[in-house]
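Report on the structure given below.
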Amino acid sequence: MKKLYFLFLLVCIAFPARANDTAGYVLPTGGVVFQKQDGIKMKNEALYIRPGQIEVNYLFENTTDKDITTQVFFPLPPIAAVADYYGYTWEALHQFHFKLWVNGKPKKYQTVFNLKQGERAVPAAANSLWKYPEEGLNEPLFHERVSAMQEKDRQLLIDGKFLRWGGVFLPNSETGDYEEAEGWTITDWEDKMWTKEISYSWLQTFPAGKTVHIRHTYTPSAKTINTGMPFSACINPNTWDYQDFVRIPTPPGTDHLWDKLQAQHYVEYILTTASNWQGFIDDFNLLVESPLKSVGCFEGQPFYGEKYFAVSRRYFYPERNLSVDFLEKGSIPSSYTPTSNPVLFRVDGPANVRKEPNGKIVGEMKDGTYAWVWPGEKQGNWYPVLQNNLQGYTHKQNLIKVFEPGVK
């Protein structure tokens with residue numbers, strides 16, 4: 001098979017935000033196009049989502065007898081380009097903190113940035129409004145940047161009805177308070193505002209007949225929901241399942257026997273780009289960790305998870321993207337971190353799962369299946385494990401770590 005190279009043209013200012021790796025190239029307009037990549041198979045994906053961080057591990061295999069070199073993209077769901085929705089302050093950043101490793105070694109990447117308004121591409125002249133990747137603009141900062149644009153570039157946006165002069169909230173230099181004033185703002189064409197489409201990209205060689213381990217982590221741009229209602233489209237808040245799941249006992253002596261958790265953070269993750277690789281994902285493993293509970297949409301159906309929601313799928317072909325609402329009583333602490341991180345292991349079994357080390361057997365994991373394991377919380381030779389709904393302890397001799405450089 002002929003070695004493949006995809007044209008990679010960066011003609012816009014780079015920007016980063018969530019999703020599955022895919023192959024493609026960048027058009028001169030800045031839009032990312034994803035193409036089918038034969039010869040590269042996704043053997044395994046381990047997706048770990050929690051408030052404040054997403055970690056993804058992939059094991060790719062080149063199924064041909066020739067090296068394949070291609071541009072790989074990791075696209076993130078669109079985010080608001082100018083809004084208070086994400087809690088921006090004057091020069092607030094999204095702070096995605098994207099990090100990439102290939103076969104255990106850090107790898108450099110580029111950040112691709114694209115502006116849209118609905119389905120309309122915003123002219124590249126607007127890219128100058130953002131000084132650096134991951135920057136977020138509020139209305140006052142947007143007005144300030146537009147005022148400083150070259151007149152010809154600003155006029156291009158005005159003529160295309162992307163920009164207008166109208167009512168905005170600007171800070172009063174004397175009082176420091178925000179007051180309604182006249183200034184530059186985005187048009188609400190067809191009730192749609194500007195969005196940013198962001199992808200991380202790097203040139204990757206897949207050696208013939210070999211596997212490549214790609215790992216990356218980043219901080220998701222979680223949307224804060226103040227209504228107390230779920231944001232995930234497949235969740236019906238009026239169903240008994242949802243109503244019962246979000247009820248929690250209130251302290252004794254209060255007027256109400258039950259209180260309800262609220263959907264505080266909402267995270268999206270693009271799964272469907274994985275279909276650009278050859279065939280199915282041989283083994284897909286998802287773990288959602290919440291401080292308390294989570295609800296969301298997986299494969300278009302609602303899920304209800306206590307602290308953990310785990311799913312393993314063989315020969316998985318994603319046709320829908322994933323969404324997660326993190327439930328809390330009050331806001332989720334931004335400093336939330338788990339006591340130790342899970343790692344994906346393969347079962348060398350069959351393996352018994354016990355309620356506690358050397359305790360009662362509560363289930364069995366089949367040979368060759370996958371389980372999430374917490375090595376940092378082991379007790380002697382016994383490791384905490386979670387496989388779908390089966391949770392407990394198993395002996396370390398029953399487990400083989402999946403993501404090591406060179407692991408087949």
Find the distance between [atom1] ([X]) and [atom2] ([Y]) and round it off to the nearest 0.5 Å.
| X | Y | atom1 | atom2 | answer |
| --- | --- | --- | --- | --- |
| T63 | I68 | OG1 | CD1 | 6.5 Å |
| T70 | Q204 | OG1 | CD | 9.5 Å |
| N44 | F284 | CG | CZ | 10.0 Å |
| F303 | C234 | CZ | SG | 8.0 Å |

Side chains of residues 52-59: which donor-acceptor pairs under 3.5 Å do they make with residues two or more places apart or in other chains?
residue: Q53; atom: OE1; partner: R50; partner atom: NH2; Å: 2.7
residue: E55; atom: OE2; partner: N57; partner atom: ND2; Å: 3.1
residue: E55; atom: OE2; partner: R215; partner atom: NE; Å: 3.0
residue: N57; atom: OD1; partner: H213; partner atom: NE2; Å: 2.7
residue: Y58; atom: OH; partner: A19; partner atom: O; Å: 3.4
residue: Y58; atom: OH; partner: N20; partner atom: OD1; Å: 3.1
residue: Y58; atom: OH; partner: D21; partner atom: N; Å: 3.3
residue: Y58; atom: OH; partner: Y269; partner atom: OH; Å: 3.3

With a 3.5 Å distance limit and no angle check, can you tell me whether [X] reaches the backbone of [Y] through a side-chain donor-acceptor pair?
| X | Y | value |
| --- | --- | --- |
| D153 | A125 | no |
| Q117 | V122 | no |
| D67 | A208 | yes |
| N388 | L390 | no |

Requested in this report: Could you walk me through whether V347 and V385 pass the side chain to side chain contact (heavy atoms under 4.5 Å, CB included) test, one step at a time?
Outcome: CA-CA 11 Å; V347 177; V385 296; over 6 Å; no

Query raised in the report: Going by the ring-ring contact (aromatic ring centres under 6.0 Å, His included) test, which pairs reach into residues 345-382, not counting sequence neighbours?
Result: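 Found Y308-W374, W382-H395.
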
Report task. Please report the shortest heavy-atom distance between V362 and Q391, naming the atom on each side. Result ->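 In terms of heavy atoms, the two residues are closest at CG2-O, 3.9 Å.
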
ring-ring contact (aromatic ring centres under 6.0 Å, His included) against [X], all qualifying residues, sequence neighbours excluded:
| X | value |
| --- | --- |
| W101 | none |
| F142 | W194 |
| F245 | Y304 |

Report task. Using the side chain to side chain contact (heavy atoms under 4.5 Å, CB included) rule, take H143 and T185 through it: C-alpha gap first, then chi angles, then the decisive distance, then the call. Result -> CA-CA 7 Å; H143 165 77; T185 185; over 6 Å; no

Query raised in the report: Can Y200 and Y109 be said to form a ring-ring contact (aromatic ring centres under 6.0 Å, His included), step by step?
Result: CA-CA 7 Å; Y200 299 101; Y109 57 87; 5.3 Å; yes

Query - Sidechain N-carboxylate O distance under 4.0 Å for R314, D282 - result: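 Salt bridge flag = no for D282 with R314.
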
Query raised in the report: Cut-off 3.5 Å, side chains only: do S232 and D325 have a donor facing an acceptor?
Result: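 S232 vs D325: donor-acceptor pair found between side chains.
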
Report task. Would you kindly say whether S312 and Q387 are connected by a side-chain donor-acceptor distance under 3.5 Å? Result ->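 Judged by distance alone, the side chains do not pair up.
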
**Report entry** Partner set under side-chain hydrogen bond (donor to acceptor under 3.5 Å, both in side chains) for R247, not counting sequence neighbours
**Finding:**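 D244.
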
**Report entry** More than 12 heavy atoms of other groups within 6.0 Å of K107 NZ
**Finding:**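 More than 12 within 6.0 Å, yes.
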
Query raised in the report: Between W202 and F98, what is the ring plane arrangement, given parallel below 30°, perpendicular above 60°, and tilted in between?
Result: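 Plane angle between 30° and 60°, so tilted.
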
Query - Side chain to side chain, K307 and E289, heavy atoms closer than 4.5 Å - result: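 The answer is yes, as the side chains (C-beta and beyond) meet within the 4.5 Å cut-off.
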
